[in-house]
Amino acid sequence: MNEKKKLVLIDGNSVAYRAFFALHSQLERMKNKNGLHTNALYGFHNMIDNVLTKEKPTHILVAFDAGNTTFRHSYFEAYKAGRSKTPGEFSEQMPYLRDLLDGFGIKHYELKNFEADDIIGTLATQVDPTIYDVVVISGDRDLTQLAKENVRVDITVKGVSELKGHTIETIQEEMGISPLQIIDMKGLAGDASDNIPGVTKIGEKTALKLLKEYGSVEGIYENIDSLKKSKMKENLINEKEIALLSKKLATIDTEAPIEIKIDDLIFSGSHMEKLIAFYREMDFNSHLSKLDTSEYDAEQNNQKEEISYKIVSEITADMFNDDMALYVEMLEDNYHTSPIFCIGWGDDKQIYIAEPEIVFASEDFKSWASKAEAKKQVFDAKRTYVALKRQNIDITSINFDILLASYLLNTKDNSKDLSEVAIEHDYYEVSSDESVYGKGAKLAIPEEKSVTYDHIARKIKAIRVLSKQLNDNLEENEQTKLFNEMELPLSFILADMELTGVKVNDKRLMEMKEEFAIRLNDIEQRVYELAGEKFNLNSPKQLGVILFEKMGYPVIKKTKTGYSTAVDVLEQLREQAPIVEHILDYRQIAKIQSTYIEGLLKVIDKETGKIHTRYMQTVAQTGRLSSVDPNLQNIPIRLEEGRKIRQAFIPSHEGWKIFASDYSQIELRVLGHVSNDTLLKEAFIEGQDIHSSTAMRVFGIASPEEVSPEMRRRAKAVNFGIVYGISDYGLSQNLGISRKEAQQFIDTYFEKYPGVKTYMEDIVREAKDKGFVETLFQRRRYLPEINSRNFNLRSFAERIAINTPIQGSAADILKIAMIKMDKKLKELNMKATMLLQVHDELIFEVPEDEIEQLEALVVEVMEGAVELSVPLKVDSNSGKSWYEAK
DNA sequence: TAAATCACG
DNA sequence: ACGTACGTGATTTAT
């Protein structure tokens with residue numbers, strides 16, 4: 001027996017609007033971390049969820065209105081006029097509705113000049129009634145006119161989860177007319193919400209009475225003479241045109257020129273990864289925890305198409321050719337330490353899977369890996385390179401990295417999970433690592449080996465397919481140079497830096513640890529004395545109670561959950577609260593102790609006494625690197641106590657030195673270049689102290705000598721503010737001045753540096769126009785919120801539009817310098833080695849007798865890395881430890 | 001798992 | 001009028 005199919009058609013705008021008002025009381029409570037309101041999305045989500053469970057549709061579509069004008073406006077301009085303006089809090093949620101539907105795997109559609117009703121009406125009418133049962137869902141009663149033998153129309157009653165079904169029978173029962181007569185009723189009675197006029201003095205009751213007698217609007221006019229004389233008859237006669245027009249307006253078009261076919265609407269389940277990402281973005285935590293991912297994954301995995309591969313127990317040379325994908329599987333993130341448990345490689349014809357012992361013992365594999373003519377495509381080149389290097393295998397000629405490419409195409413598409421990256425590029429044939437290996441305590445290699453093998457084989461295929469696709473995309477964006485000449489070569493340089501590692505004097509750290517332990521204990525006792533009780537000093541919550549409740553100090557700032565006890569707050573209490581001094585001391589030292597001393601001691605490689613960080617090349621949205629496990633880009637320097645940590649970073653060879661070179665004011669120089677501002681460029685060209693120079697302009701000082709330290713400090717803050725996409729409030733907070741004063745500084749700055757002002761206006765306009773900004777080297781960052789109706793989101797995007805080309809271009813420049821530096825060091829056969837990168841500086845270890853040469857080389861390479869309209873400047877220092885290279 | 005805090009550029 | 005500086009990662013407490 002053939003079951004009937006079920007088509008569900010949802011009126012997106014109307015249901016979302018209902019959801020918005022149903023949860024209107026929650027409006028301010030329901031916001032995500034970015035301040036986006038989520039009440040309509042939440043309500044809409046729950047409605048869909050209910051519908052999917054209850055109706056179990058085989059086909060489903062959400063239709064949207066397209067724009068504000070429809071074909072109806074062409075014969076009645078005032079159609080839908082006089083509606084109150086759509087609230088911004090609602091419209092800002094609409095774009096995300098599409099994401100939600102994509103997650104659910106539900107097709108959505110809109111058609112220019114037509115309303116959602118018309119799309120729904122056309123589909124509901126045109127599908128074969130012997131095959132399809134149709135359910136229409138809307139918040140708008142007009143749609144009940146679509147009810148038929150096989151079409152039920154559900155209208156929201158209250159909220160969106162409670163629906164009332166309308167069929168031919170119920171409509172007949174309640175109103176005594178057929179669904180199609182609802183149009184006639186509107187023609188007579190009009191509809192205030194759509195501004196459909198109707199005939200004067202005729203309301204729903206009267207209309208129904210007339211229709212029961214005469215059947216339709218036309219029927220009434222055919223029999224108009226038989227009506228007895230009345231005011232109503234007069235109105236009907238006078239307003240015949242209006243009645244016919246009203247009917248026309250209320251009629252849903254069942255022959256709209258839609259381009260979708262019923263087969264496009266097949267519902268084959270949700271895309272869990274997308275849905276989860278949506279929940280995360282919207283902070284729908286209850287939904288996140290409710291998901292039974294394992295069950296879902298299993299179902300999804302079953303839907304994937306079969307993949308064939310060969311399990312290899314003996315490797316032979318004919319298994320390799322000059323164009324293949326390679327994947328090395330490890331369970332843990334840290335590829336410096338994680339065991340390798342499976343390896344796959346292959347091309348479009350054949351995929352091979354093998355256990356690592358077999359691969360590592362194979363000379364054929366090794367020579368293929370190191371063969372220059374053999375091009376390899378991977379996911380995460382650096383990870384692959386390091387993992388093989390640990391086995392003494394040198395891999396060369398990796399010519400594509402889909403992770404790196406994906407990140408360059410959109411910095412947001414940077415998941416460490418291959419399947420997530422694949423899904424972003426509409427490739428669904430590979431499962432998530434989590435669904436195969438589990439997570440947290442359950443993370444493990446599957447008992448059944450074929451599960452792993454199948455998974456790796458799918459990864460190989462995905463790499464093959466996506467390498468071609470993403471390479472095309474890079475070309476379309478003119479980013480191939482960025483990929484081939486900057487990011488990909490850099491990833492191997494970073495790999496070498498990570499593998500080299502940096503030597504750490506653990507004895508020195510342990511000495512410091514003991515010293516600090518004693519001091520911490522002393523301070524702790526002192527604080528307890530002053531507080532009159534013991535408490536956990538590391539708990540901001542407990543500290544808040546002591547400070548602001550027990551001791552009664554004034555509350556200066558609050559956080560989401562209670563009193564703020566951050567430094568700037570404590571500093572304001574310093575004068576009146578002696579205890580605060582000790583708390584600040586404690587905080588400072590506790591930070592050094594836990595993060596830097598204990599933290600670093602934990603990650604020193606026992607064998608080599610070195611630390612091997614991992615540079616994340618696809619995380620930072622601006623193009624910068626980041627550093628993890630441990631983070632070596634935030635080792636203390638500003639305060640002397642913490643700076644001493646750097647004494648523990650030493651050269652790995654006797655008689656060598658640590659050598660550090662940093663770009664001076666690189667971001668402001670980049671700003672000078674991109675803004676082409678005369679004064680700003682001049683300051684750099686003439687080698688002025690940039691902050692003093694700014695102080696002179698902004699405070700109207702004649703000579704550099706007259707700039708006081710305080711003025712320079714303020715000017716420096718202004719310069720920072722400019723780079724960050726300044727606001728009066730931000731600057732006022734930073735400088736502890738009034739907003740008005742801060743605004744004055746900004747105004748004066750823009751007066752003196754009009755080029756900078758123009759740059760900011762231009763870049764924001766360009767971002768609004770194109771939806772993304774670019775660095776000097778075509779690195780892109782998309783700003784989906786730049787045109788948001790939400791002030792917060794839009795303003796944030798505008799500041800990012802200003803900052804990213806500056807921070808990102810500076811990052812590009814240092815990356816170029818690193819590549820050139822690496823090349824030079826090799827060419828010149830120097831022993832000096834690049835160890836670390838910290839955003840605007842490079843740290844090397846170098847034999848004593850190479851220092852001079854290195855110094856000259858660094859200046860040549862870094863200052864000459866790129867040609868800007870302002871000079872680049874580098875400062876270098878060296879010493880026995882990182883501390884002394886200052 | 002989130003929030004608060006603080007280290008760096 | 002709206003509420004805020006840009007980019008990161010690690011540790012701790014609390015839920």
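The structure presented is a predicted model; accordingly, all values stated were derived computationally and were not measured. Chain letters run A, B, ... following the sequence lines, proteins first, then strands; residues in each count from 1.
- At distances below 3.5 Å, at least one donor-acceptor pair connects side-chain atoms of A/Lys550 with backbone N or O atoms of A/Ala531.
- Listed nucleotides: B/dA7, C/dA14, C/dG7. Nearest to the side chain of A/Arg781: C/dG7.
- Helical stems in DNA chain C, defined as runs of 3 or more consecutive Watson-Crick or G-U wobble pairs with donor-acceptor distances under 3.5 Å: B:1-9 with C:6-14.
- Checked by distance alone, A/Ser539 brings no side-chain donor or acceptor within 3.5 Å of a matching partner on the base of C/dT13.
- Residue-level contact check: A/Gly725 touches neither bases nor backbone, having no heavy atom under 4.0 Å from any strand.
- Among the atoms of the strands shown, only primed sugar atoms or phosphate atoms (P, OP1, OP2) are found under 4.0 Å from some heavy atom of A/Asp840.
- Among the heavy atoms of the strands lying under 4.0 Å from A/Thr559 are primed sugar atoms or P, OP1, OP2 only; no base atom is included.
- Counting distance only, with no hydrogens placed and no angle test, the side-chain atoms of A/Arg799 and the base atoms of C/dG7 include no donor-acceptor pair under 3.5 Å.
- Across the protein-nucleic acid pair, A/Leu600 atom CG and C/dT11 atom P stand 9 Å apart, rounded to whole Å.
- Here B/dC8 is the nucleotide among C/dT13, C/dA5, B/dC8 with the atom lying nearest to any side-chain atom of A/Arg638.
- Straight-line distance between the C1' atoms of C/dC2 and B/dA7: roughly 33 Å, to the nearest whole Å.
- Checked options A/Val870, A/Asn719, A/Ile690, A/Thr694; the residue passing with A/Leu680 is A/Ile690 (criterion: side-chain contact (heavy atoms from CB on, under 4.5 Å)).
- Closest to the A/Val567 side chain, of the nucleotides B/dC6, B/dG9, C/dT13, is B/dC6.
- Nucleic acid contact class of A/Gln621 (heavy atoms, under 4.0 Å, all strands): sugar-phosphate only.
- The listed nucleotides are C/dT4, B/dT1, C/dA10; the one nearest the side chain of A/Lys591 is C/dA10.
- Across the P atoms, B/dA3 and C/dT4 are found 15 Å apart, a figure rounded to whole Å.
- Within 4.0 Å (heavy atoms only), A/Val723 reaches no atom of the nucleic acid at all.
- In the model, A/Asn790 has no side-chain atom that pairs as donor or acceptor with a side-chain atom of A/Glu785 under 3.5 Å.
- Within the nucleic acid shown, A/Ala801 has no heavy atom closer than 4.0 Å to any nucleic acid atom.
- Distance alone, capped at 3.5 Å, is enough to place a donor-acceptor pair between the A/Arg669 side chain and the A/Ser664 backbone.
- In this structure, A/Lys541 reaches the C/dT15 phosphate: one of its side-chain N or O atoms is under 4.0 Å from OP1 or OP2.
- Among the protein residues, A/Asn634 comes within range of the nucleic acid bases, having at least one heavy atom under 4.0 Å from a base atom.
- Between C/dC2 and A/Ser795, no contact under 4.0 Å exists linking OP1 or OP2 to a side-chain N or O.
- The residue A/Arg739 sits close to a base: some heavy atom pair falls under 4.0 Å.
- Closest to the side chain of A/Asn803, out of C/dC6, B/dG9, B/dA4, is C/dC6.
- Going from atom CZ of A/Arg646 over to atom P of B/dA7 covers 13 Å, rounded to whole Å.
- The base of C/dC6 lies close enough to the side chain of A/Gln807 for a donor and an acceptor atom to sit less than 3.5 Å apart.
- Looking at A/Lys557, its side chain never comes within 3.5 Å of a backbone N or O of A/Ala566 through a donor-acceptor pair.
- A/Arg587 comes within contact range of the sugar-phosphate backbone alone, with a heavy-atom separation under 4.0 Å but no base atom that close.
- Within the nucleic acid shown, A/Ser564 comes within 4.0 Å of sugar-phosphate atoms alone, with no base atom in reach, counting heavy atoms only.
- If you check every strand for non-hydrogen atoms under 4.0 Å, A/Glu667 touches nothing.
- Which of B/dG9, C/dG9, C/dC2 sits closest to the side chain of A/Phe791 comes down to C/dC2.
- The nucleotide whose nearest atom lies closest to any side-chain atom of A/Ile800 is, among B/dC8, C/dA10, C/dC6, C/dC6.
- If you take CG of A/Asn790 and C1' of C/dG3, they are 11 Å apart, rounded to a whole angstrom.
- Comparing B/dA3, C/dT12, C/dT4 against the side chain of A/Thr561 picks out B/dA3 as the nearest.
- Residue contacts for A/Ile637: at a heavy-atom cut-off of 4.0 Å it reaches the sugar-phosphate backbone alone, with no base atom in range.
- Counting any heavy atom pair closer than 4.0 Å across all strands shown, A/Ile802 reaches no nucleic acid atom.
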